[in-house]
A.B. asks: 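Just dropping this structure here.
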Protein chains: 2
Amino acid sequence: MSAEEERFLKDYVPREYPSVALAVDLVVFAVTGSTLNAAFVRRGNHPFKDALALPGGFVLPDEDALTAAWRELEEETGLDLGEHRAHVEQLATFSSPKRDPRMRVVSVAHLALLATDGRTLPDLARGSDAAAAEWLPVYNVLADGDLAFDHREILAAALGRLAGKIEYTLTAARLLPEEFTLNQLRRVYQAVWNTTRLDAGNFTRKMTGALQDSGRKVTHGKGAPAAVFTVRDEYLSPPLIRPAK
Amino acid sequence: MSAEEERFLKDYVPREYPSVALAVDLVVFAVTGSTLNAAFVRRGNHPFKDALALPGGFVLPDEDALTAAWRELEEETGLDLGEHRAHVEQLATFSSPKRDPRMRVVSVAHLALLATDGRTLPDLARGSDAAAAEWLPVYNVLADGDLAFDHREILAAALGRLAGKIEYTLTAARLLPEEFTLNQLRRVYQAVWNTTRLDAGNFTRKMTGALQDSGRKVTHGKGAPAAVFTVRDEYLSPPLIRPAK
DNA sequence: CCAATAGTGTCTATTAGACAGTATGCT
DNA sequence: AGCATACTGTCTAATAGACACTATTGG
């Protein structure tokens, strides 16, 4: 930095600019069986008392939004995020002046994925907030549920992002343990796309190119043992296209 | 709103929350020939005095970010945005605490597209700011140019978004007049992807399904007259895949 | 043996990409 | 005529999607 620039910054007095509170909201996804679930908190206060809402919180002065999202994810789930192979990415920013009736809050929404074995959802311990978060099936909530603020719009945006992204990446594997079978992966796709139309045979052929076969096999009670894979390439080429409903 | 809720909001006193200045930055693209250009302003003050920067400004108290982006686009270009068929969409939010050394400024970056006839770039009148914006070829700036703040990262994100989006949508047509020829459209693709590998014949075949033939033809000095199209479907199916470089 | 799952084989219709060929209009 | 551009035709290799088939396990 030049001496001139240092002098400038030292003497800099900011004009009055409109200021806002900066928050993050989280759409946390996890899969059981062939169902896509998201984490919700039940609001204890007005506005939107007793309605479902997405977990979230304010961005601290020394954090960027992504760091705040990771912190809130850990605080609101109480989980070991390493064990759950958590993935967090920025989704979009919601900035309508009236989205929170109390004051101006701009929210940077984030998409978070947690790994499960496909059988049980992670236990959501009560974090710093009074009420623990709960898992609910995404497609049910979008069909029926009332959500606080603009959280329905955020949830829909997150689902759209995830549904699109797994067409051309192996992001779906972030919803599974590091090692998984093709059947597990196919169930994740079916959960996210809310469909049962994925042919197991064709799915195998299209995916194996991007996967690494561990050489080991695993058995799930019934049926032939299944090969265990890890992700080799993060990108699918050609992409797997979502079937028309 | 219930009486109880009204009472709550009336008596609501916000706690102290960290506040930030909220800004928008704009990546404004337009095409001439087979070159993708973006609009830049030359900074007159520290920090980053004399460096190139993206146009932008602060979000006003009663605006959301998208509205602010439209307003700044009009102010900084001085153009009739209707005539240029402007398209603006949110790109991503940049929130590193130190991205502006003067104070905390969180920027919601936006992608803007302006239509040209493919021959000349719109004249950028000097707006409310002292210096007029200028057009520069995007790939040159990314290769050589120094940009202020984190604007190189924003520019790269915008280019990536546009390059990806035109694979499966006709967003590229927003860089052309409402009516255009397939040759014009192909030049836009080549400009955005920085390639010359698009076969004109195959391009015709793949695009015509999503386009509406006006029935009219137009001639450009040399060669056979070209059919004039408008956009019929915003989505391309199947997508047009970017050739490997 | 039966049921359920894993994974491969096969067939057909469609498509991409390369490139040839024809038509049109300007100079 | 000569040339540049617009667009269609054709060929080949690759692919998707449907579905049959075999193999392997537990009950």
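Convention: sequence-line order gives letters A, B, ...; per-chain numbering from 1.
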A.B. asks: Between A:Met207 and A:Leu182, which heavy-atom pair has the shortest distance, and what is it?
C.D. replies: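 Minimum heavy-atom separation between A:Met207 and A:Leu182: CB-CD2, 3.9 Å.
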A.B. asks: Given C:dG7, C:dT5, D:dT5, identify the nucleotide with an atom nearest to the side chain of A:Ala224.
C.D. replies: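 Within the option list, the nearest is C:dT5.
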A.B. asks: Checking contacts here: which listed nucleotide (D:dA6, C:dG7, D:dC19) is nearest the side-chain heavy atoms of A:Asn202?
C.D. replies: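 From the listed options, D:dC19 comes nearest.
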A.B. asks: Can you tell me how far apart CG (B:Leu170) and NZ (B:Lys165) are? Round to the nearest 0.5 Å.
C.D. replies: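 Answer for the CG-NZ pair, B:Leu170 versus B:Lys165, is 12.0 Å.
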A.B. asks: Between P on C:dG17 and CG on B:Leu198, what's the gap in Å once rounded to a whole number?
C.D. replies: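 Those two atoms, CG and P, are 10 Å apart.
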A.B. asks: Could you give the NZ-to-P distance, from A:Lys222 to C:dA4, as a whole number of Å?
C.D. replies: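 Rounded to the whole Å, the gap is 6 Å.
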A.B. asks: May I have the distance from A:Ile241 (atom CD1) to D:dT15 (atom C1'), rounded to whole angstrom?
C.D. replies: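 Taking atom C1' of D:dT15 as the reference, CD1 of A:Ile241 is at 12 Å.
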A.B. asks: To the nearest angstrom, how far is B:Phe203 atom CZ from D:dG9 atom P?
C.D. replies: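 The answer, rounded to whole Å, is 19 Å.
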A.B. asks: Take atom CE of B:Met207 and atom C1' of D:dT8, then tell me their distance rounded to the nearest Å.
C.D. replies: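 Rounded to whole Å, this separation is 18 Å.
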A.B. asks: Can you tell me how far C1' of D:dA6 sits from CG of B:Asp199, to the nearest Å?
C.D. replies: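 These atoms are roughly 12 Å apart.
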A.B. asks: Rounded off to whole Å, could you give me the NE2-to-P distance for the B:His220 and C:dG25 pair?
C.D. replies: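 Going from NE2 in B:His220 over to P in C:dG25 covers 14 Å.
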A.B. asks: C:dG17 phosphate, OP1 or OP2: any side-chain N/O from B:Lys206 under 4.0 angstrom?
C.D. replies: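 Yes, B:Lys206 has a side-chain N/O under 4.0 Å of OP1/OP2 on C:dG17.
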A.B. asks: Give the intermediate values and the outcome of salt bridge (Lys or Arg N to Asp or Glu O under 4.0 Å) for residues A:Arg99 and A:Glu153.
C.D. replies: CA-CA 11 Å; A:Arg99 58 183 294 280; A:Glu153 196 186 341; over 6 Å; no
A.B. asks: C:dG25, C:dG9, C:dG17: which one has an atom nearest the side-chain heavy atoms of B:Pro225?
C.D. replies: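 In terms of side-chain proximity for B:Pro225, the closest of C:dG25, C:dG9, C:dG17 is C:dG25.
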A.B. asks: With a 6.0 Å cut-off on ring centres, are A:Phe149 and A:Phe94 close enough?
C.D. replies: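 For A:Phe149 and A:Phe94, the ring centres are not under 6.0 Å apart.
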A.B. asks: Could you tell me the separation between the CG atom of B:Leu182 and the P atom of D:dT8, rounded to a whole number of Å?
C.D. replies: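 One finds 9 Å between P of D:dT8 and CG of B:Leu182, rounded.
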A.B. asks: On the side chain of B:Asn183, is there an atom forming a donor-acceptor pair with the base of D:dA6 - under 3.5 Å, no angle test?
C.D. replies: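 Check fails, no donor-acceptor contact within cut-off.
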